[in-house]
K.L.:
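Have a look at this one before I ask anything.
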Amino acid sequence: MSDSPLLTSDRGAVRLITVNRPDKLNALNLATLDALREAFMAAADDSAVRVVVLTGAGPKAFVAGADIAQMKGLSAVEGRDFSLRGQRMMRGIEKMPKPVIAMINGFALGGGLELAMSCHLRIAADSAKLGQPEINLGLIPGFGGSQRLLRLAGRAATLELCLLGAPIDAARAQQLGIVNRVVPAAELETQTMQLAEQLAAAAPLALRGVLDCINVGGECGIEEGLEYESAQFGLMFATQDMREGTAAFLERRKPDFTGR
Ligand code: COA
């Protein structure tokens with residue numbers, strides 16, 4: 001499928017999904033939104049995949065935003081549907097039952113930053129630029145940017161990025177809590193794969209428990225969140241991996257987690 005907007009490959013238990021429109025700086029058109037949705041659903045369902053890494057093709061961009069050429073002619077109803085289509089795909093990533101790492105290799109602007117924020121961890125090249133520049137187009141974020149940035153970095157940073165529309169560099173994005181790690185561009189892939197392999201060796205059901213607790217707890221009150229955490233904690237005692245992890249600690253050996 002040479003005309004697919006994505007490239008997909010497996011490195012052991014790590015699935016690498018690459019947005020592949022480098023001549024358009026990997027801008028998200030409808031076909032790319034839908035291909036991403038399908039690719040993530042497939043990764044969720046494949047038990048051989050324990051971690052997903054998402055990146056953009058070429059040396060310049062992770063994703064430089066929603067496809068402005070495609071958006072230009074949309075009606076109001078089509079604009080809403082375009083937004084809903086992107087939001088649905090990104091919500092699917094956020095709710096993935098296995099960790100998703102955004103490997104930010106360049107521009108992550110507009111829909112690109114929104115896509116990265118729907119991932120669970122973000123590791124950026126020191127040369128990356130991030131921002132919500134929609135205001136410069138007479139637009140606002142439409143793939144969840146105003147909401148996820150608010151939850152990730154708070155009101156001041158969200159208002160600054162969305163009102164002014166100016167990109168920030170990776171170091172500032174880390175200060176604001178938008179990215180987890182910043183590494184030299186030449187080391188981005190190696191360091192991301194090291195992180196992915198570390199996660200791939202962890203207990204999959206425990207990883208899922210953490211992801212579920214954070215997803216639920218981020219949107220509910222403390223009482224419900226604590227209750228949910230206890231239920232998930234209890235569930236871990238039904239897993240072989242919990243027996244393996246505790247036994248391996250006591251026997252002073254490395255655990256071998258199987259996801260059961
Ligand atoms: N949608 C559609 N096409 C895009 C795009 C987007 N979001 N971002 C870049 N492209 C295209 C350009 O139109 C250009 O295509 P062309 O060669 O057919 O003319 C190609 O990608 C290369 O981009 P270019 O602008 O020439 O690269 P640059 O290095 O000079 O600038 C950016 C890079 C990222 C600063 C600039 O492309 C930009 O501002 N992009 C839009 C960012 C944005 O507003 N995103 C939010 C959209 S809601």
Side-chain angles (χ1 to χ4, degrees), residues 1-9 16-42 52-94 100 102-119 122 124-125 127-149 158 160-170 173 178-179 185:
M1 288 242 299
S2 59
D3 59 350
S4 168
L6 301 184
L7 298 172
T8 303
S9 64
L16 179 64
I17 299 176
T18 305
V19 180
N20 187 35
R21 299 184 72 212
D23 55 325
K24 297 292 176 193
L25 303 189
N26 305 317
L28 300 174
N29 58 9
L30 271 176
T32 311
L33 293 180
D34 290 350
L36 280 166
R37 185 158 185 262
E38 278 185 28
F40 274 94
M41 277 167 33
V52 181
V53 173
L54 175 63
T55 194
K60 277 179 76 171
F62 173 72
V63 165
D67 190 316
I68 299 169
Q70 192 172 59
M71 280 195 304
K72 181 175 176 291
L74 299 184
S75 68
V77 170
E78 288 166 342
R80 183 191 60 177
D81 287 345
F82 186 62
S83 164
L84 288 172
R85 200 115 142 219
Q87 284 186 359
R88 183 180 60 177
M89 179 272 286
M90 292 182 196
R91 187 74 172 136
I93 295 177
E94 193 166 55
V100 181
M103 180 166 82
I104 305 173
N105 53 314
F107 291 112
L109 300 174
L113 180 54
E114 290 169 310
L115 183 62
M117 289 192 294
S118 69
C119 299
R122 282 157 292 286
S127 54
K129 295 265 188 294
L130 304 90
Q132 296 288 164
E134 292 88 348
I135 195 78
N136 301 321
L137 303 169
L139 266 173
I140 68 169
F143 294 158
S146 64
Q147 303 307 298
R148 289 204 177 88
L149 191 54
T158 307
E160 180 186 325
L161 265 71
C162 295
L163 290 177
L164 300 180
I168 57 173
D169 63 20
I178 297 171
V179 300

K.L.:
Using the side-chain hydrogen bond (donor to acceptor under 3.5 Å, both in side chains) rule, collect all pairs that involve residues 107-116, keeping only residues at least two apart or in two chains.
P.N.:
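Sorted pair list comes back empty.
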
K.L.:
With a 4.5 Å heavy-atom cut-off, do Thr32 and Val63 have their side chains touching?
P.N.:
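Thr32 vs Val63: side chains apart.
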
K.L.:
If you round to the nearest 0.5 Å, how far is CG of Leu54 from CD1 of Ile104?
P.N.:
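It comes to 9.5 Å.
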
K.L.:
I need the Leu16 CG to Leu7 CG distance, nearest 0.5 Å.
P.N.:
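With rounding to 0.5 Å, CG (Leu16) is 8.5 Å from CG (Leu7).
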
K.L.:
Ignoring hydrogens, what is the shortest heavy-atom contact between Asn29 and Phe82? Give both atom names and the distance.
P.N.:
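Closest pair (atom of Asn29, atom of Phe82, distance): C-CE1, 4.5 Å.
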
K.L.:
Taking all heavy atoms of Gly131 and all of Leu161, pick out the closest pair and write down the distance.
P.N.:
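Closest approach of Gly131 to Leu161: CA-CD2, 4.3 Å.
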
K.L.:
Crowded around Glu78 CD? As in, over 12 foreign heavy atoms under 6.0 Å?
P.N.:
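More than 12 heavy atoms, drawn from other residues, nucleotides or ligands, come within 6.0 Å of this atom.
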
K.L.:
Output a table of donor-acceptor pairs, distance under 3.5 Å, between side-chain atoms of residues 134-144 and any protein atom two or more places apart or on a different chain; print 'none' if there are none.
P.N.:
from   : atom 1 : to     : atom 2 : distance (Å)
Glu134 : OE1    : Gln132 : NE2    : 3.2
Glu134 : OE2    : Gln132 : NE2    : 3.0
Asn136 : ND2    : Pro133 : O      : 3.4
Asn136 : ND2    : Gly165 : O      : 3.4

K.L.:
Show the nearest heavy-atom pair for residues Ala31 and Pro5, with the distance to one decimal.
P.N.:
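Looking at all heavy atoms of both residues, the closest pair is O-CG, 3.9 Å.
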
K.L.:
What is the minimum heavy-atom distance between Ser146 and Thr158, and which atoms define it?
P.N.:
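Scanning both residues, the minimum pair turns out to be O-CG2, 3.8 Å.
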
K.L.:
Quick one: CG on Leu115 to CZ on Arg148, what's the gap to the nearest 0.5 Å?
P.N.:
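The CZ atom of Arg148 is 9.5 Å from CG of Leu115, to the nearest 0.5 Å.
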
K.L.:
Determine whether Asn26 and Phe62 make a side-chain contact, defined as any pair of heavy atoms from C-beta on separated by less than 4.5 Å.
P.N.:
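Asn26 vs Phe62: side chains apart.
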
K.L.:
Quick check: do Ile93 and Met89 have side-chain heavy atoms less than 4.5 Å from each other?
P.N.:
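They are in side-chain contact.
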
K.L.:
Just verifying a value: how many Å separate Arg91 CZ and Leu84 CG, rounded to the nearest 0.5 Å?
P.N.:
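The distance works out to 14.0 Å.
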
K.L.:
Quick check: closest heavy atoms across Gln70 and Leu30, and the distance to 0.1 Å?
P.N.:
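What the structure gives for the nearest pair is OE1-N, 2.8 Å.
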
K.L.:
Going by the rule salt bridge (Lys or Arg N to Asp or Glu O under 4.0 Å), which residues pair with Glu160 if we only count those two or more places apart in sequence or in a different chain?
P.N.:
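Glu160 satisfies salt bridge (Lys or Arg N to Asp or Glu O under 4.0 Å) with Arg172 only.
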
K.L.:
From Gln87 CD over to Ser118 OG, what is the distance, rounded to the nearest 0.5 angstrom?
P.N.:
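Atom-to-atom, Gln87:CD and Ser118:OG are 11.0 Å apart.
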
K.L.:
Has Asn105 got a side-chain atom pairing as donor or acceptor with Gly58's backbone, closer than 3.5 angstrom?
P.N.:
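Yes, because the side chain of Asn105 sits within donor-acceptor range (under 3.5 Å) of the backbone of Gly58.
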
K.L.:
At what distance, to the nearest 0.5 angstrom, does CG of Asp34 lie from CZ of Arg85?
P.N.:
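Between atom CG of Asp34 and atom CZ of Arg85 there are 4.0 Å.
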
K.L.:
Under a 4.5 Å cut-off applied to non-hydrogen side-chain atoms, are Ile168 and Ile178 in contact?
P.N.:
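In contact.
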
K.L.:
Taking C-beta and beyond as the side chain, do Val19 and Leu6 meet within less than 4.5 Å on heavy atoms?
P.N.:
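Result yes, sub-4.5 Å side-chain heavy-atom pair found.
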
K.L.:
Mind checking whether Arg21 and Asp67 have side chains closer than 4.5 Å, heavy atoms only?
P.N.:
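They are in side-chain contact.
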
K.L.:
Do Arg122 and Leu130 touch side chain to side chain, with heavy atoms closer than 4.5 Å?
P.N.:
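No, too far: nothing below the 4.5 Å cut-off.
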
K.L.:
Between Pro167 and Lys129, which heavy-atom pair has the shortest distance, and what is it?
P.N.:
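Shortest heavy-atom separation between Pro167 and Lys129 comes out as CB-CB, 4.4 Å.
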
